Protein chains: 2
Amino acid sequence: MTIKDSIFEDIREGRLKPGDQTPSEAELVETFKVSRMTANRALRELQSAGIVVRRAGRGSFVAEPRPIGQLIEIRNIADEVRSRGHAYRARVVHNVEIRADAERAALLEVGLGTRLFHSLIVHHETEFPIQVEERFVLASAAPRYGERDFSASTPNEYLTRVAPLERVEHRVCAAMPDTGMRTMLGLAEGEPVLMMTRRTWSRGRLVSHAWLTHPGNRFELSAAFSVET
Amino acid sequence: MTIKDSIFEDIREGRLKPGDQTPSEAELVETFKVSRMTANRALRELQSAGIVVRRAGRGSFVAEPRPIGQLIEIRNIADEVRSRGHAYRARVVHNVEIRADAERAALLEVGLGTRLFHSLIVHHETEFPIQVEERFVLASAAPRYGERDFSASTPNEYLTRVAPLERVEHRVCAAMPDTGMRTMLGLAEGEPVLMMTRRTWSRGRLVSHAWLTHPGNRFELSAAFSVET
DNA sequence: AAGTGGTCTAGACCACTTC
DNA sequence: AAGTGGTCTAGACCACTTC
């Protein structure tokens, strides 16, 4: 666990970048005073998790960020827009602290009156709105959520930092937007939206419930996976 | 590889059912004449792939089919309908062999004139259409596709059997259906659809390209994953 | 007490890539 | 020739569950 954690931390904190060579098995044996099998297992598991790529005879390397994959929806929408070479901009409609009423309490599986944050943000690619993000967040899991400037960095970015992602659930459906949504997304009448409900867990608790709404015709979700061999 | 394959085959062919206990590490050591570490690794990898659940002190057991998971879209739509306790029915509009024209050749990344099958099927839950499936399949990868009776079992079921799934790619978008689609799905005017494009690879080749179209408001895709610890 | 998985060790042989 | 990962062995100690 320590070996994997150590390498993962080096990657997360930028000391190891995609393509960089990680310590070899032999180096890990020395550094961590373990047997080679243990070092081997740590690197092998990092490979299986897609964090590291290993090449016999060459070494182990930090994997490139997966361009498509199960994780695509987890990517920061800001990064995604920028990766297409476009400007990203966000407009924060509101971000306030509330107390859970019956409906919100059920949503986040907490008691009545629990402190929550409620944010509504419109994300833009160049000048076009591409996503409306409405989100409820458990305040105790992300205490400073309400003070954050989400026009500078996304809730997703903040949340994954303060509440390490443990489990994610997505539901996707097509729908016709109401007038408010249509206005925010700048849609013509009769245009459908692609709506994703996204719930995230951290440290055993449901931490966030979000609705991500996209213009149906100008946005695609994609995902790919390969079967382990 | 042999150990994992052997256990996986037992599961796939029903000799081991969800909840059943798999051979223990000690038994694998005897049967396959390997060291315990090798048996341990095989079972551990099956666990990491979600095939097997292991409990210290108790044993290893065939995992329950994941109710939600990355693989949900891979499940047979027939099974999915039945798992909701509803009747499943399919209407095969057509299933014919064609030669790839320029457009289809590009779609499946093959040469002009390559033999393909083209099927169009409407899937029903109880009496309601819930999915229109249009599919192009590489004939050389699934030679008997054209003779199959897809009102009895789905293309997906046949394909995963003859062409083991290696990689899947999904794209999802919301759209307004054309008149034909609207009729097939029994939709009112102004109702959006959720359209999934699904490509599958087997043995290194792109084998199938399908469009799965659902009534937007009566269907949801869902997916969840947990981060490895 | 016997069986289970969790984890680790110290060593081995191998094919491959790098220099 | 030196370094890399791929894989395996035979043994160990442990905590837990079952009977």
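Throughout, a chain's letter reflects where its sequence line sits, starting with A, and its residues are numbered from 1. These numbers were taken from a predicted model, which means no experiment stands behind them.
Put simply, CG on Leu28(B) is 10 Å from P on dT4(C), counting in whole angstrom units. As rounded to whole Å, 13 Å separates atom P of dG5(D) from atom CD1 of Ile3(A). The CG atom of Asn40(B) sits 14 Å away from the C1' atom of dA12(D) (whole-angstrom rounding). For the pair Leu46(B) CG and dG6(C) C1', the interatomic distance rounds to 16 Å; values are reported in whole Å. Here the P atom of nucleotide dG5(D) and the CD1 atom of Ile7(A) are 10 Å apart, to the nearest Å. Across the protein-nucleic acid pair, Gln47(B) atom CD and dT4(C) atom P stand 16 Å apart, rounded to whole Å. Regarding Arg55(A), its CZ atom lies at a distance of 16 Å from the C1' atom of dA15(C), rounded to whole Å.
Listed candidates were dG5(C), dT18(C), dT9(D). Nearest to the side chain of Ser24(B) is dG5(C). Here dG6(D) is the nucleotide among dG5(C), dG6(D), dT4(C) with the atom lying nearest to any side-chain atom of Glu25(A). The side chain of Arg54(B) approaches dG6(C) more closely than any other nucleotide in the set dG6(C), dG6(D), dT9(C). If you check dA10(C), dG5(D), dG5(C) against the side chain of Met37(A), the one that comes closest is dA10(C).
The shortest distance between the side-chain N/O atoms of Ser35(A) and the OP1/OP2 oxygens of dG11(C) is not below 4.0 Å. Within the structure, a side-chain polar atom (N or O) of Arg58(A) is placed less than 4.0 Å from OP1 or OP2 of dT18(C). Distances shown here put a side-chain N or O of Ser60(B) below 4.0 Å from the OP1 or OP2 atom of dG5(C). Taking 4.0 angstrom as the limit, Arg44(A) places none of its side-chain polar atoms (N or O) nearer than this to OP1 or OP2 of dG6(D). Dashed line: the shortest gap from a side-chain N or O of Thr38(B) to OP1 or OP2 of dT7(D) is not under 4.0 Å.
Between Phe150(A) and Tyr145(A), the gap from one ring centroid to the other is short of 6.0 Å. Taking the six-membered ring for Trp and the full ring otherwise, His209(B) and Phe136(B) have centroids separated by 6.0 Å or more.
Using a 4.5 Å heavy-atom cutoff, the side chains of Val132(B) and Leu120(B) are in contact. Annotation: side chain of Arg148(A) is in contact with side chain of Ser153(A) (closest heavy-atom distance under 4.5 Å).
Nucleic acid contact for Arg41(A): sugar-phosphate only, since backbone atoms but no base atoms lie under 4.0 Å from a heavy atom of the residue.
Between the side chain of Arg36(B) and the base of dT7(C) there is at least one donor-acceptor pair of N/O atoms closer than 3.5 Å.
Pairing for dT18(D) goes to dA1(C), judged as Watson-Crick or G-U wobble with the two contacts each under 3.5 Å. Across all strands shown, dT9(C) is found opposite dA10(D) as a Watson-Crick or G-U wobble partner, with both distances under 3.5 Å.
If you check the side chains of His124(A) and Gln131(A), you find no donor sitting under 3.5 Å from an acceptor.
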